[in-house]
Amino acid sequence: MRLPEAPVAASRWQRPSPERRRGRALFGGLHFSSSCVADTMRNLKLLYAREHGPVPALGSPQCFCLRADQGTLLIGSEYGILELDPAIRGVTNEISLTVDGFLPEDGSGHIVGIEDLPDQECVCVATAAGDVILCNLSTKQLECVGSVDTGLTTMSWSPDQELVLLVTGQQTLIMMTKDFEPITEREIHQDDFGEGKFITVGWGKKETQFHGSEGKQAAHRKQTEVPPASSSDDGRPRVTWRGDGQFVAVSAICPQTGARKVRVWSRELVLQSTSEPIPGLEQALAWKPSGSLIASTQEKPNKHDVVFFEKNGLVHGEFTLPFQKGQAKVNELLWNLDSTILAVWLEDLKKEKNSGTNTYVQLWTVGNYHWYLKQSLHFGSAEKSQLVSLRWDPEIPRRLHALCRGWHALCYDWHWSTDRSTGEESRLVASVAVIDGDKVLVTAFQHSVLPPPLCTFPLQLQQAVNQVAFHPDPAKSADLAVLDASNRISIYRVGDGTVKDPTVTLGGSGFKASVETPHLEKTYRVEVCGGSKQVNPLALRLFTWLQDDTFLAVSQGQLATHSVIHHLTGGPEAEGGCLHLRLSVPVDGDVISLCYNPKTSAVALQLADGRILKYLCEAPTPALEPWTSRSGSAVRFPSPCVQTALAVIGGEEAILGLTERCRFFINDVEVASNITSFAIYDEFLLVTTHSHACQCVSLRDTSLKVLQAGFSSSSTPNETLRKVERGSRIVTVVPQDTKLILQMPRGNLETVHHRALVLAQIRKWLDRLMFKEAFECMRKLRINLNLLYDHNPKVFLENVETFIKQIDSVNYINLFFTELKEEDFTKTMYPSPVSSNVQLQQCPDQKKVDLICDAMRAAMENINPQKYCLSILTSHVKKSTPELEIALQKVHELRETVSPAAEGVTAEAALKYLLFLVDVNELYDHSLGTYDFDLVVMVAEKSQKDPKEYLPFLNTLRKMETNYQHYTIDKYLKRYKKALCHLSKCGPEHFSEFLNLVKDQKLYNEALKLYPPDTPEHKAVGSAFGEHLNQKHLYEQAGLIFARCGAFERALDAFLSSGSWQLALCMASRLGYTADQLAGLARSLAGKLGEQKKHAEAAILLEQYAQDYEEAVLLLLEGTIWEEALRLIHKYGRLDILETSFKPAILEAQRNYLVFLESQKTTFTRHRKRLLVVRELKEQARQGLLDDETPNCLEADLISETSSIVTASDMSGKYSHSNSRISARSSKNRRKAERKQHSLKEGSPLEDLALLEALGENIRTTENMKGEVHSLLKGLVLFGYDELARELQQALEEALQLIERSLPEIWTTDLQQNPANPVLGPNSTANSIMAAYQQQRIAAPAVQDAELLIPPKLNKNIQWKLNLLQ
């Protein structure tokens, strides 16, 4: 290479300043939302296609590159370069290379490479003559940075644009920096293999090596020479860089053999490896950006393949192109940015002179080791539509740019889309269509889940397929419409079973499914965008099936940013097999998505700027209007969405959208930002997230706010959320089933049964009385069978026979019985997502399990008791109180049956099953309780019991009298009540045993019922019962029993012990006591009553039975019963007692009350003041804590543990341990400890509570004095002691007024609220919150008496004062 000398270069070349340099993202630093995953169940859907041109320019285009920062195309021709701006559809810049002689003026020049250099703000152009030119587009200044005498064939820049590789006409490689400083120069053709040469260790011989499918004869086959490259090879070297720019691969024709070889070089042009000899290797070369494989093409004897090389030069896989050998040649291969799509640029080989060649572009993807042809672009044979250059966008992964010879520039944007059928009816097969060249692989997931590339049936077409659409009608959702590369629409219908289409073959690779296949009904041509004159092969996009013969499609409008909606109709109007264009509606904007809701017949369009339009397709004149929300505002997505759908949310139809960056919108509200895929099924929205979870939410009776909150709190585990494998995406949901099909990143499919879908489907089946389907689903997916009843108890009980007939399996019915629990599972384990109007069970007083067992047993006995014998036994055993005796009796009946029914079971089998449900020892005891020894022996034989043990016992029982036998069995089984009943029938000789059993088991009440009241046995039992009650200190009840049995003496003693003086006097009367005996008895009773402070009752005894009214008066005066004492004094005319006893007594009482009231007031005032001091100290301590100060003053000891953290922790340690010790002490010590806990000692921990308790007791005592003082006041006034009465009345009134005034001060409003709640708010600090928490933790056990915090009630309705004293 001839370069300018250093001084000249320095004068002609200036490096751009750092301020003007613009960074360019390296491949390794790019992060795309669409990761490199296998998209086996998805197709490439064209979002939009733009066509620009033709452009008025000289010559014809040769190559182009992209200016990503400007959004323009730089096109090179034989006369120069021009810049095309697609936004204005015009040329913004044009630079001629013929003026300075870089290209000849006759148009024979050729540009071999063009590259935009944003860092240097110029374009680098290489010509075939050998010049490397920098063109400044702003100043239009040209600078030749160097030239090569032998010319250039290729110029290739590294992905980071730090290096440039030139291939010269002498087959040499020149590596240069971005400043065009040569690094090294190498010959392309090297004899050496490279640094990665394989090392042979000399093990084995060629004859002993494994040769795969070629067999052993391959070891003796002579290696044939590689034939030279085909005549269609242009002979030019090809250069491709790895994505990180560390290696570069060069494909060139070897001058010795004439065949192509691929060599891999490092950045320093050090040879790494050379490909193995590949016969038929062609010119196309493309290194996968992810760095794993190098793609090229190979022409084989009977096919044309795309082959892949590893970096070491070895072949690693291939796939076959869909045409015959010699039919077409591959010009170029191009990988897109994220390595998921391989573009193949082909053209037909000319067969005759002057015949045009067809050019194609095919887009291939791989999944599960199978290559799918997803899109095929047929550019035709017209001169203007022939491709001259093809490139993927360097920033947008699935954007492809194409340049045609007629100066037409095309731009395509694709995204991944799953083409699935819609509808929720059970007869639908949940079809998913996958495009694979001229085949459509259809999988019916309702019948089977097939790993791709297998399918249920393929549809074979004549041309490559580009788009697939399913019929929107749920009744016809298995019908397909296929749009192929020749713009023909093929309609496939399902329904006519007599028509067999040879192009549709059921199954593949040995697989077959019983599913109805579609047949080709008709084929239409589509000519709406210029017909054969159009250049864009994908003029129609977003192909949508509306009705039977009505379709929608979108194409580009007259302007680049406009679109046109085409309303196409078929049927009788389609003349000559061409779809009739009903009308075309222009749209001001690029339509990038179109979705249709068959339920509401709504069509929504999304424009590139995020606007949503509604297409009124059913109007007489279809039109467009903005999509509005419930509030009336126009809906607009904040970011363009690649997947959209319509759904009814809470009664409002909304549009859902998912962006490339996983942002999920409902109308214009972003509800989540981590959604990877979504699908609408029935009333559910299913999404997968980046957190590897699948969430299923109901759209019925909900709102956007609820959905947004649900997605934000998706970490909360519930039935709507379940974990899935990392990178899972939704494929489809099987209608009227529970299957959710997910695709994993590696391409395989998995079926999950989402709990929300499962429960919803089970509820639907139960509402339709489809018990069998619900039961089988619940059994398979481990759903608790209680839901069968709990979903709607009333309906279940009304259809029990239907349930049994549908299940029709004894084992399944027994399984249902064994899972029954009293719990209502619709409120605990499976709560309904929406409120339901389910009827409650008919008998709420009866237990659920008993209700079901009884209802099902009655139904089974009605249907076929022999068939369901085991289930009937289970219904007896499963009841809350197992009816084992009844179950055993049924087994015994089976044993007595001579010939069991054909569907029935034998007694042996029934007993064996019963032993499976019940413990054998328990069953033995219950069989013994039936008194049927044959049944006992039958059960014992099935147990592990030793016959030497139970046979002698049974023989002994057989010898006994029947009643005594039953008594012995019941006593053995500890059924003492039954044993008592049987023993009472055994005669008087066994009465002593009867009485002992009564005393041992304390069955006195039951024993008294077994004998008539007048019998000696009844009286004997009663006497024993009375003694028992006496021992329990229930003397009054014992006296009643003794009196009923005629034991009046013992009854009298019992009544005397209980203090029941009225009943004691009755018993004395029954015993015939004399007057003196009654008087003595009365005096004895009066003494006991006086000790019990029952002065009025004692006075009655003394007056009426002892005839001692003077002692009675003294007792009444002692008890301050003034009015009754006055009555007796005047009754017996003993007025002298007034002077000797009555008046001194009332005067003494007046003085005592005054002293007591003064003491109460003094104590009340002292406690009240002390309480205020304690509360003030607590508040000071709390404020000190808020200021991070610990109280160290002497008063700190007075603070209760609710005031500071330090004290709280100390008190916690002190009292928590002491309480644990107290709990083990006696009740007396416990009460003593509780009294100590509320100590009035100053400084005690709970002094404030003790003061509240003391004040409350003081108030209640004072309040209770009203009645006593009122009676005393009347006595004082009666005898003229008005001043004393007035003094007493005033003293009590002052005490009550003091109490009333102090109540709000003692029991404040804050105290009556919960004082343990933490103090939170804007003014709180960490310390204050911690202190409040400590208060709550420590004070909670201290404030266990809530009544201390409630002020005592003062009864103002009591009229205790005398108005005459005021």
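Atom set for the values below is all heavy atoms of this structure, side chains included, hydrogens, waters and symmetry mates excluded. Source: prediction; values computed, not measured.
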Evaluate Arg242 against Asp244 for side-chain contact (heavy atoms from CB on, under 4.5 Å), listing each step before the verdict.
CA-CA 6 Å; Arg242 200 170 76 172; Asp244 58 1; 2.7 Å; yes

Before giving the answer on side-chain contact (heavy atoms from CB on, under 4.5 Å), spell out for Lys178 and Gln161 the whole-Å C-alpha distance, their side-chain angles and the decisive distance to 0.1 Å.
CA-CA 7 Å; Lys178 64 179 179 180; Gln161 292 192 339; over 6 Å; no

Please determine whether side chain to side chain donor-acceptor pair (under 3.5 Å) holds for the pair Ser486 and Asp484, giving the CA-CA distance in whole Å, both sets of side-chain angles, and the decisive distance to 0.1 Å.
CA-CA 5 Å; Ser486 62; Asp484 60 25; 2.9 Å; yes

Steps toward side-chain contact (heavy atoms from CB on, under 4.5 Å) verdict (Lys374, Ile341):
CA-CA 9 Å; Lys374 293 295 185 181; Ile341 307 174; over 6 Å; no

Check against side-chain contact (heavy atoms from CB on, under 4.5 Å), Ile111 and Ser77
CA-CA 7 Å; Ile111 295 178; Ser77 67; over 6 Å; no

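The side-chain heavy atoms of Asn358 and Asp348, taken from C-beta on, include a pair separated by under 4.5 Å. Side chains of Asp393 and Leu337 form no contact here, defined as non-hydrogen atoms less than 4.5 Å apart. Between Leu403 and Val388, the closest side-chain pair of non-hydrogen atoms falls below 4.5 Å. Looking only at side-chain heavy atoms (C-beta outward), Phe309 and Ile278 come within less than 4.5 Å of each other. Contact annotation: the side chain of Glu78 approaches that of Gln62 to within less than 4.5 Å [non-hydrogen atoms, C-beta and beyond]. Between Lys329 and Glu299, the closest side-chain pair of non-hydrogen atoms is not below 4.5 Å. Between Pro279 and Gln298 the shortest side-chain heavy-atom distance falls below 4.5 Å. Looking at heavy atoms from C-beta onward, Val248 lies out of side-chain contact with Leu163 at the 4.5 angstrom threshold.
Taking the six-membered ring for Trp, Trp364 and Phe308 have ring centres at least 6.0 Å apart.
Side-chain atoms of Ser296 come within 3.5 Å of backbone atoms of Ala284 as a donor-acceptor pair (strictly under, hydrogens ignored). Formation of a donor-acceptor pair under 3.5 Å by the Arg238 side chain with backbone atoms of Arg236 is found in this model. With hydrogens and angles disregarded, a donor-acceptor distance shorter than 3.5 Å links the side chain of Asn368 to the backbone of Pro452. Panel note: side chain Glu332, backbone Ser389; no donor-acceptor pair is recorded below 3.5 Å. In this structure, Asn336 contributes its side chain and Pro397 its backbone to a donor-acceptor pair below 3.5 Å. Formation of a donor-acceptor pair under 3.5 Å by the Arg405 side chain with backbone atoms of Ser60 is not found in this model. Using a distance-only test at 3.5 Å, with no hydrogens or angles considered, no donor-acceptor pair links the side chain of Thr150 to the main chain of Thr168. Side chain of Asp233 to backbone of Gly235: a donor-acceptor contact under 3.5 angstrom is found. Counting only distance, with no hydrogens or angles, the side chain of Glu185 and the backbone of Thr172 share no donor-acceptor pair below 3.5 Å. Under the 3.5 Å distance criterion, the side-chain polar atoms of Trp407 are matched with a main-chain donor or acceptor of Gly59.
The distance from atom CD of Gln246 to atom CG of Asp160, rounded to the nearest 0.5 Å, is 8.0 Å. Put simply, CD1 on Ile114 and CD1 on Ile133 are 10.5 Å apart, with the number rounded to the nearest 0.5 Å. Distance CG/Leu271 to CG/Asp191: 10.5 Å, rounded to 0.5 Å. Atom-to-atom distance recorded for Gln467:CD and Asn487:CG is 9.5 Å, nearest 0.5 angstrom. In this structure, CG in Leu333 is found 13.0 Å from NZ in Lys288, a value given to the nearest 0.5 Å. Between atom CZ of residue Arg729 and atom CZ of residue Arg42 there is a gap of 4.0 Å, rounded to the nearest 0.5 Å.
A donor and an acceptor atom, one from each side chain of His304 and Glu282, are located under 3.5 Å apart. At a cut-off of 3.5 Å, with distance as the only test, a side-chain donor of Thr184 or Arg186 sits close to an acceptor on the other residue. Looking only at atom types and distance, the side chain of Ser251 has a donor-acceptor partner in the side chain of Arg260 under 3.5 Å away. In this model, a donor atom of one side chain and an acceptor atom of the other lie less than 3.5 Å apart for Asp338 and Thr340.
Within the structure, every pair that satisfies the ring pair (Phe, Tyr, Trp, His ring centres under 6.0 Å) test and touches residues 153-175, not counting sequence neighbours, is listed here: Trp157-Phe180. Residue pairs that meet the ring pair (Phe, Tyr, Trp, His ring centres under 6.0 Å) test with at least one member in residues 377-402, sequence neighbours left out, are Tyr360-His378.
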Would you list the atom pairs, donor with acceptor, under 3.5 Å between side chains in residues 432-441 and any protein atom, with sequence neighbours excluded?
unit_1	atom_1	unit_2	atom_2	d
Asp436	OD1	Leu373	N	3.3
Asp436	OD2	His370	NE2	2.9
Asp438	OD2	Gln460	NE2	3.0

Donor-acceptor pairs are to be reported for all side-chain atoms of residues 311-318 against protein atoms at under 3.5 Å, with residues two or more places apart or in another chain.
unit_1	atom_1	unit_2	atom_2	d
Asn312	OD1	Leu314	N	3.1
Asn312	ND2	Glu310	OE1	3.3
His316	ND1	Glu310	OE2	2.9

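Tested against Glu347 for a side-chain hydrogen bond (donor to acceptor under 3.5 Å, both in side chains), the candidates Thr359, Thr357, Asn331 yield a single pass: Asn331. Under the side-chain contact (heavy atoms from CB on, under 4.5 Å) rule, Leu152 has a single partner from Val167, Asp131, Leu166, which is Leu166.
Legend: residues meeting side-chain hydrogen bond (donor to acceptor under 3.5 Å, both in side chains) with Thr418, ordered by chain and number and at least two apart, are absent. Evaluation of the side chain to side chain contact (heavy atoms under 4.5 Å, CB included) rule for Gln272 yields Glu195, Phe247, Val264, Ser266, Val270 as partners, not counting sequence neighbours.
Scanning both residues, Glu187 and Trp265, for their nearest heavy atoms gives O-CH2, 3.4 Å. For Asp192 against Thr274, the heavy-atom pair with the smallest separation is O-OG1, 3.7 Å. What you find for Gln386 and Ser381 is that their closest heavy atoms are NE2-O, 3.8 Å. Heavy atoms only, all atoms of each residue included: Asn466 and Ser376 are closest at OD1-N, 2.9 Å. Of all heavy-atom pairs between Leu410 and Pro537, the closest is CD1-CD, 4.2 Å. The shortest heavy-atom contact between Val112 and Thr153 is CB-O, 3.6 Å.
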